[in-house]
Every structure is written in structure tokens, then in C-alpha cells.
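Since the structure is predicted, the reported quantities are computational estimates derived from the model, not experimental observations. The basis for the numbers below is simple: all heavy atoms, side chains too, and nothing from hydrogens, waters or symmetry mates. Labels below follow one simple rule: chain letters A, B, ... track the order of the sequence lines, proteins then strands, and each chain is numbered from 1.
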Amino acid sequence: MDHSQESNVFLQEIEHLRQEIQRHNKLYYVDDQPQISDAEYDRLMRRLQELESLHPDLITPDSPTQRVGAAPLEKFGTVTHSIPMLSLANAMDEEELREFDHRIKRTLGTEAEIEYVFEPKIDGLAVEVVYENGMLVMGSTRGDGITGENVTQNLKTISSIPLRLLTSDPETRQSIVLPRKIEVRGEVYMDKTDFLTLNQERELTGEPLFANPRNSAAGSLRQLDPSVTAKRPLKAFFYAIGAVEGVNFDTHWNMLAYFRTLGLRTNPLNKICQGIEQVLEQYQHLNETKDSLPYEIDGTVVKVNSRHLQEELGTISRSPRWAIAFKFPAKQETTKILDILVQVGRTGALTPVAVLEPINIRGVQVSRATLHNQDEIDRKDIRIGDTVVVQRAGDVIPEVVNIVESGRTGAEKIFVMPTRCPVCQGEVIRPDGEAVHRCTNPNCPAKQIGHLEHFVSKRAMNIEGVSTKQIESFVNNGLIRDAADFYFLKKEQLLPLERMADKSADNVMQAIAQSKHPTLSRFVYALGIRHVGEHTASMLANYFGSLDRLKIASEEELTAIYEIGPEVAKSVSQYFSDPGTAKLLQKFFDGGVEIVNPEGVAARQHLTGKSFVLTGTLPSYTRDEAKDLIEKAGGRVVSSVSKKTDYVVAGRDPGSKLAKAQQLGVNILNEEEFQQLLQA
DNA sequence: ATCCCTCGAGGTCA
DNA sequence: CTCGAGGGAT
């Protein structure tokens, strides 16, 4: 037999082994019906490894042996999700869940029971995996929902995430329609027993222990060396979709079924429910049985099943309107309030914080909890020395639920907000009608530091590697008084500071230099004007297009802008009419800051104040593109038609919104008319 | 009355 | 990263 024939035989066996392994993966992970023992499975894997090592040229990247192939990374790259990974609204109790159901019926204008899909909410971390022509090409963490970290190499080591989607059913041999591209979303998690075993090993080796399975999974996925991740027993369930080309689903339930045919694991406890009462029954049942599950769940997720209705319901800025997280009650513990501290934020707000006797709540040491303001303290009658019930809201943020009356000894001290700022001794006032107390000293160091922290923060000027500690040190050493001073720093000035070696100083200088060309909206946000957060900053930037126009805007002109009311207008106009602001801005420019407008010249704002509703598919634009164009022109896109809607843009297969528009006599545009309007 | 944005807060991990 | 109170806008 000549060489090529010989390698052909190998190729056949290799191919056969790979298919078998893929088939058993599906049986094991997706169908939960293994047909062979783990030992037999291992034998298949070893045989494949053996053959591949004899013929390295036959190794393909999607071979099951290639789960760990990559070298450690320096750091993770960032990935922008093509469709943002939204978070979910929360229902805290039954009533709120029923409210969710009512709202949906009201929005859809129906009395009929809604069909829901009920899913356990796994306590892990959300990821997105992208398959192109069936091959895993990218995997990322959810991050802030807009951008996440590129953890492709690590996700590839997780055996319940297929490297290649199935192209035919391993049992029936029927072929499966593969989407050209599909972004699937799911949860990576660690089983409770695996978490315990891992911690036992770590204890033996003297490594720090993980607090809970969730942190353990998160820590494992964020390893720079994929060979470490590969040793961690991670698993995944899939439950949602991002961008997809080439397939369509009528229901969420059918989409999950399709996931399984592709070899993507879905949770076997997912249920379909007719109406909200059935959802509640499932919830009760799961709440009673959850402790016997191999993994931790922190609640359930309820989704409208029909994809068509989902679209009609739409999404609001942070979450879809057609899904809600229904969490289990948080674990509560009792502890003592040792003291109440007062912190001062960048706006001068005084926030009381309870210092607690440290207590472990679901694996996490809790030692502080915000008390929000004096009203909150009075309402709950919280005193220093009280015994209190503490929980982590949403299983994250520590919160004092209430006091334990019977724990009172009479020695408790009543807390009163100080009349002088604890940082600068400045006068403290409580503005009429507001719940917060504020320090009035404009030069209060707490405000100054807070402003500078805000200025350098990721979403503002994004000056990386400048920490709170460093800012404090810069300020205390007189290097920096205002934000513009960053752009006059010299490396030599940094070197004498503590913890500032040559390399760190270089990094700081470089990070500052890199921040010199912000977009207008980032820059406006970074200024830290009261009531101007990211959203409002971007509204202002879009509307005015340049700082020169923004800074001369009158209060009246500002108020006329949609979403800008009297308070915000006053705050903005006061900020820019302050002579100190003019000086500060000039100082920024002298220091080399130059605002860039990524879209070039700001678009004309001829659609200002007009509201649009999009329905159906436009041939030339995606939803997001259309939305962008409208917003750039000053218009806004809303999700439901009312008589205040100015235009409904209708594409192919329009939804019920078109009918409503006709009924209300709202202007209806097709794509051509829409384009004309944009150019008009 | 309701929806949404701003702002401030705590803990873990690399 | 995530939550929730409070306030602003409609």
C-alpha cells in the first residue's frame, strides 16, 4: 500500500472517531442519555489522539482533541456584541410577576392567556458563542452587555460547548439546516460538587478558596492560560440568541429545540406554560426542589414564547419587555451594626454606610451596607448597636432589611447626619424636597477626588491604570487640582511619588496621552455636570454637534430638547456660564485635548422631536441602522404606536403596529419614503 | 402615574 | 459587575 492510500485509511478512521465522539457528546450533554461508559468514551478520545499524533497534518481545529491548543494570552481582547446582551428586569414577588403578565397583555391589547417559556436561572456567567458555517469562531463574556472579553480559547475547553455544530442528526442521519452564522448565548457554570472538590484541592495546595460556584466559574473562565481553564469542570447551557443569518424561529421553544439538534445543550427543566398561573406553579415546584439540583440557581426566567410577540413588545434601554427574572427570596442573616460612617461622593452627597460585624452570606463576607440616606434610617429605625437582618439584594448588594426589635438593649445610639462635612468640615445642607444631605463647599476634597475619578473612568475619558489611590496621591502632592492638570503632568513629577516606578509612570503618561481625542459625548460626560450622565451627554452631543454650540446654549434652547427638562437645562447652562468652566475648557485645549467627532460633521437635526416606530423588515437596513440614522437626525425611535407617534416605518412583514398606525391615522412610510425623509 | 436615568455603593478576582 | 433609591421627564 502506498503512502497516500495508507493515510487515506487513517483519515477514514479519524473522521469516524470524530463523528462518534461528537455523537456521544450530544447523547451525553444534550440528550442526557449516554450510550457508552466514560471509560469507553476516553478510549475513543485516546485512539483519536494517537492517530493524530502519528499524522499531525490531519489535525483540524475543530477536532475534539483540540480543545486546548492555544498559548497563554497577555490579556483578553475586547469584543463588541453585534446585538447588545441585555439584562433582565426583576420580579421580586408573585405580585410583580402578575404585574409583568398584565403589562404584556395590556401592551398587546389582548385578554388571552400568554404562552410563556419557564427556565431555571443558572447562577453562572453569561457568554456568547459565535458559529460561522457551523464552526466555533468566537466566544466572549457578556461584559457590560455592549462589549465583553474575548475568551474563545477558554470556552473551547468546555466540553459541553461544541467546537463544530452538527450537520446531521447522529441517529437518523437527517441533515440539519445550518445557519451561515449564529450567535448563541448561554450560561457557563460549575456544579456544586465540582466546586467543593476544586476548593478541597486548592486548600491542599494552599491556594485561596473560591467563595461560591459562581465566582469559581467566573475565575476559571478568566484565566489567561487556557490549559488552566481546561482543568476546571465547567459546563454550559444555552438559552438565547444574538445575530443569526439563515434561520428563523416562530417561538422561543422551537429555537431551544433547534439548539439541541445543533448539539447545543439546553436545560432539561425548561417548561412551556399556558398563562402566568402555570408559571407560578412551576416556580413553587422548582423552589422546593432546587437544592437537589447539581448546580445552583438563583431563580427563574420567564419569557414570552412567541418571537413575533417578543418583537412587538420590544425592549427598553436595559432589558427586553418580553422577559423577566423571577428570583428566589434572598438568603438572610442577622448581624450587628458596629458603626455608621458617612461617605461623601463627587456631587457632595453624604451617604451613611453601616459598618457590620462581618457575616458570611452565601459564601461572601459582608462587612458594610449602604443605608442610602437619613430618611431610610428613620423609616427602618436603624441605630448604632442594633441587631439587624441583612441580605444581598439580587444576591449581590448587601442591604439592611430591618432591625430585630428583641435585640435592643437600650444602649443603641440614634444616628444623626452631621451638620459639617466629615471630609472638609464644610457646611452641610439638605435641599428642600430632597432626601440627600450635601456638602456645600465647592472645594471639598471629596468632591474634587470624586470628580477626577469620574473623569478618568472607563466610560468617560478612559484613562486606564489611574486608580483612586493615585489620584489621591497626585492631589495630595499638589500635582493636580482639576481634570485639565492631567494633560500638563510630566513624567519627572510622577517619579518621586510612592509606588511609582519608571514603568508605572510611563503607563500613566501613555494612558493620559491616549485619552486626548475623546468624542464630544464622552467629553461632555466626563465633565461631570450634574444630571448629565452618559445618556444625556450623548443627547446633547448629538443635538449640538460641537462644544462651541453647546456652551452658548440658553436654558430655553436646552429645555426645548426632548428629554431635557428645566432641572437638567438649568444645571447645564449654569455649568457653562460659570467663568471657571471657560477657563477649565481653555486649559484642556492648551493641554492638547482635541474633541473628535467620529461621524464627521454632525448631521443636521431636521427630525428633532419626531418620534418613529419601526415595524417589519426593511430591505436595506437592520433595525439598529435605521434607529441610528433616525437618532443622528435628531429623531427618536419608540416601541409602540400612539397618537403622538409621527411616523411608522413599515417594512416587509409588518406587525400589528401597522394596523394600529392606520387606525390612528399616523403617517406610514415605506423604505423609499423613509430614505427621502432622512435626506430631506 | 409611570418610566427611565443618574448616582452611589460593596465584594471578588486577575 | 450589579443593585436600588430618588429624582427628572413626560
Would you please enumerate the stems DNA chain B participates in, each stem being three or more consecutive Watson-Crick or G-U wobble pairs with both distances under 3.5 Å? B:1-10 with C:1-10
Write down the distance between CD (E563(A)) and P (dC4(B)), rounded to a whole number of angstrom. 10 Å
Output every pair passing salt bridge (Lys or Arg N to Asp or Glu O under 4.0 Å) with a member in residues 85-95 of chain A, not counting sequence neighbours, ordered by first then second residue. E94(A)-R98(A)
Flag the pair F195(A) / F210(A) as yes when their ring centroid distance falls below 6.0 Å, and as no otherwise. no
Which parts of residues 334-347 of chain A get close to DNA chain C, meaning a heavy atom less than 4.0 angstrom away? none
Would you please name every residue forming a side chain to side chain contact (heavy atoms under 4.5 Å, CB included) with D298(A), sequence neighbours left out? K121(A), D123(A), K327(A), D395(A)
Heavy atoms under 4.0 Å, any strand shown: does K327(A) hit a base, just sugar-phosphate, or nothing? sugar-phosphate
E453(A): salt bridge (Lys or Arg N to Asp or Glu O under 4.0 Å) partners, not counting sequence neighbours: none
Starting at the 5' end of DNA chain B and moving along, which residue's nearest nucleotide shows up first, Q223(A) or R106(A)? R106(A)
Is the closest side-chain donor-acceptor distance between R438(A) and T347(A) under 3.5 Å? yes
Using a 4.0 Å heavy-atom cut-off across all strands, classify G143(A) as base, sugar-phosphate, or nothing. sugar-phosphate
Check whether the side chains of Q374(A) and D378(A) place a donor and an acceptor atom closer than 3.5 Å, and report yes or no. yes
Of T229(A), V228(A), L234(A), the one forming a side-chain contact (heavy atoms from CB on, under 4.5 Å) with T157(A) is T229(A)
Between atom CG in D123(A) and atom P in dT2(C), what is the gap in whole Å? 11 Å
So the salt bridge (Lys or Arg N to Asp or Glu O under 4.0 Å) pairs with at least one residue in residues 212-223 of chain A (sequence neighbours excluded) are E149(A)-R222(A)
